[in-house]
Amino acid sequence: MGVLVWLIIPLVAAGAAVVYTAWAARDRRAGDAAEVAGYERFREAMQRSHSGSGSV
């Protein structure tokens, strides 16, 4: 029984490595438009001058 456990451990680790590799290599370009739009809003907000607010 102990030999079977020592055989299963590397098989489970290899399966986890395959799942992680597939997850890390997924296509992430789908959300780029929303992220770029958010960045543009952030840049515009940082460039605006604050008039009369009294805070730094």
Side-chain heavy-atom pair F42, M46 within 4.5 angstrom cut-off: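 F42 vs M46: side chains touch.
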In one Ile/Leu/Val/Met/Phe/Trp/Tyr side-chain cluster, 4.5 Å: V12, L4: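 Linked within one cluster.
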Does the pair R41/E44 count as a salt bridge with the N-to-O cut at 4.0 Å?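 Looking at E44 together with R41, the answer is no, because their closest N to O distance does not fall below 4.0 Å.
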If you compare all heavy atoms of P10 against all heavy atoms of L7, which two are closest, and at what distance to 0.1 Å?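 Taking every non-hydrogen atom into account, CD-O, 3.3 Å.
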